[in-house]
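A quick write-up on the structure given underneath.
From a predicted model like this one, the values you see are computed outputs, not experimental measurements. Throughout, a chain's letter reflects where its sequence line sits, starting with A, and its residues are numbered from 1.
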Amino acid sequence: MKQLIDDSLPAFSTVMKEMGLSDIGWEGLLGPATVEDHGDAAMPCHSLSRELKRSPGDIADEICSLISPLLGEVAIVSSINGFVNLKAVPSWLSSKASSLLSDPRIGVGEGGRLTIAVDYSAPNVAKEMHVGHLRSTVIGDALVRMLEFKGHLVHRENHVGDWGTPFGMLIEHLLDLGEDEAANELGVGDLDSFYKQARVKFVSDAEFADRSRSRVVLLQGGDAETLRLWRVLVDESMRYFNEVYSMLGVLLTDDDIMGESYYQDLLPTVVERLSNSGMLENSEGADVVFPGGWKNRDGEPLPMIIRKADGGFNYSTSDLACIIDRVERLECDQFLYVVGTPQKQHFEMVFQVARKAGFMDDRHSSIHVNFGSVLDTDGRVLKSREGEVIKLHDLLSEAVIRANSAIEEKNPELIGEQRNNVASMVGIGAVKYADLSTERTKDYVFEWEKMLSFEGNTAPYLQYAHARICSIFRKWAGERSEIPDFEISCCEPEESNLARRLVRFPSALDETISTFSPHKLCTHLHSVASAFASFYEACQVLGSGDEAVEKSRLALCELTAKQLELGLGLLGIGVPEKM
RNA sequence: GGGCGUGUAGCAUAGCCUGGAUAAUGCACCGGCCUCCUAAGCCGGGGACCGCGGGUUCGAAUCCUGCCGCGCCCGCCA
């Protein structure tokens, strides 16, 4: 527990000096306890053994007896097995919790003023959004919220796939279907069949394929009518994507769309600059750069293709253009790419080339916030090409329907529009939390049941804790806005334990942000909700007969509620007052 | 073949960066708890050679190394 360690350091400093150990870097030894029963923080003394030529147990005993009197207000000190253990005293926990309660930011400092571009979501026009997009969208949204809360200036960048050779066939298919019919199909979200139909014709119909290729040339040449048709495809797709975003409740809007098409004008600049810096080489007819450090199957240097032999650009070029734009137009300090792990090498190469070519320098940091693949139950990567597609739209609807029936069963008094709102928060929250609560770089298996489960370490469990607190407030006669002035005084072990979890919030959030790992915040919030549930069972809040106790418990409830609300809010998950 | 990643109870995960004590959590399983602020809950219980072998260390799930399994990437798709 970082707070406790900080508050104990001066006493340790005194004692260590007294024991002649001031210069050996003992600060690093003091850390959070690994076993909660032993305390909140601990210092293993085994490594001091050699220095002092005494047993670890002896040393721990001596430190313990010297430091105990100094830490009376902070922690109970004990020693066992060569460890000095600190267990925060209830009064210390009470006062720390009180100070968090009176702070609207719950102790979270404003962390800086960087300008950060977060590249996430990135669906492809005329293609179904799949579970991979869900991950990117949900993780990216959470990171954006947290970074903004910390005080950074964040540019949301939705790098939509709205350009490239497939658009030739898509436009021709659009014409074959007729614009209205096609727009209708796309507008209702039947993207995949549209794409597949076009694809089938492209491979089986030579005449269609020829038209498609010509259409690509027209598109790239800026032909007005072709651009208009392209715009229809993009707009109809975006309408559908926006519907999904709206269901998901993410921050993305049309203003955040920075599709590949946007960077087209910059592509020649990329080539020119790479050429000027002498990095561009011709290989097998293509313009390439050799980043170095990668080899192909034959052991030869692996190139990054900038301009294909047919003159077309590919995605590396586009990503380089993005970097130029984000450095020079947006003046970003940092770029985050919330994109799946399979593209790891691609980004490493792009970043390396961008640095070497001077598109960015030491002031800039570029981070691939990678995430694992979504697998099917056989452990294979879930693919939208074969088999049935899992439409995000359907997944989210299903989640809300399930939440609705769960509420109907468990709280029949909640009805009408209010129930629908709650069902939406619960169902969507469950899906998002399932995605956010596991370490993002790991693959995970897609299972309806698991994703929509409302038990255990899930959003509904956290939301439920919040709803119960709100229920207490409703029953209580007083003004909720006055609670932050109430004094917290932990007496029961469940009260102390709840406070002990609550005070970890600021460091948990900082850790979450610095590692871009939302699951760490989830873990923290779950531990809070869990401690609250135990507290709730053991400690009657209202009508305990003692006004000071009631006020203290109300204050613990308030801090818990605020923390759940803020924490879940930063994850993009809503907190209903009833459920 | 090269590179990167991953392997923790029946299942799913956290802990690994920054080494510390009895490896934590959820699901499932077993046993208790609703005249009492929402039982989507609580309390208790069983269940793990932390992939395998070496090494470093007083101490390894954690660091290094070798092997094995799995996944991804390795030239004109993004």
### Query
Using centres under 5.5 Å plus planes under 30 degrees as the test, is His46(A) stacked with G20(B)?
yes
### Message
Just by distance, no angles: are the side chains of Tyr337(A) and Asp319(A) close enough, under 3.5 Å, to form a donor-acceptor pair?
### Response
no
### Query
Is it the case that Asp162(A) and Ser261(A) place a side-chain donor and acceptor less than 3.5 Å from each other?
yes
### Summary
Of Arg474(A) and Glu511(A), the one whose nearest nucleotide on RNA chain B sits closer to the 5' end is Glu511(A)
### Query
Is the aromatic ring centre of Tyr464(A) closer than 5.5 Å to the centre of the six-membered base ring of G41(B), with the two planes inclined by less than 30°?
no
### Query
Do we count His38(A) as stacking onto A21(B) if the rule is ring centres under 5.5 Å and planes under 30°?
yes
### Task
With RNA chain B as reference, determine whether Glu348(A) or Gln345(A) sits nearer its 5' end, using the nearest nucleotide of each.
Glu348(A)
### Task
List the atom of His159(A), the atom of Ser318(A), and the distance in Å for their closest heavy-atom pair.
NE2-OG, 3.8 Å
### Query
Taking OP1 and OP2 of A39(B), is either one under 4.0 Å from a side-chain nitrogen or oxygen of Arg468(A)?
yes
### Task
With C1' as the reference atom in both, quote the distance from G66(B) to C29(B) in angstrom, rounded to an integer.
40 Å
### Task
Report yes if a side-chain nitrogen or oxygen of Ser530(A) is closer than 4.0 Å to either non-bridging phosphate oxygen (OP1 or OP2) of U25(B); otherwise report no.
no
### Task
Determine the interatomic distance between P on A60(B) and the same-named atom on C50(B); round to the nearest Å.
13 Å
### Query
Would you say a side-chain N or O of His519(A) is under 4.0 Å from OP1 or OP2 of G15(B)?
yes
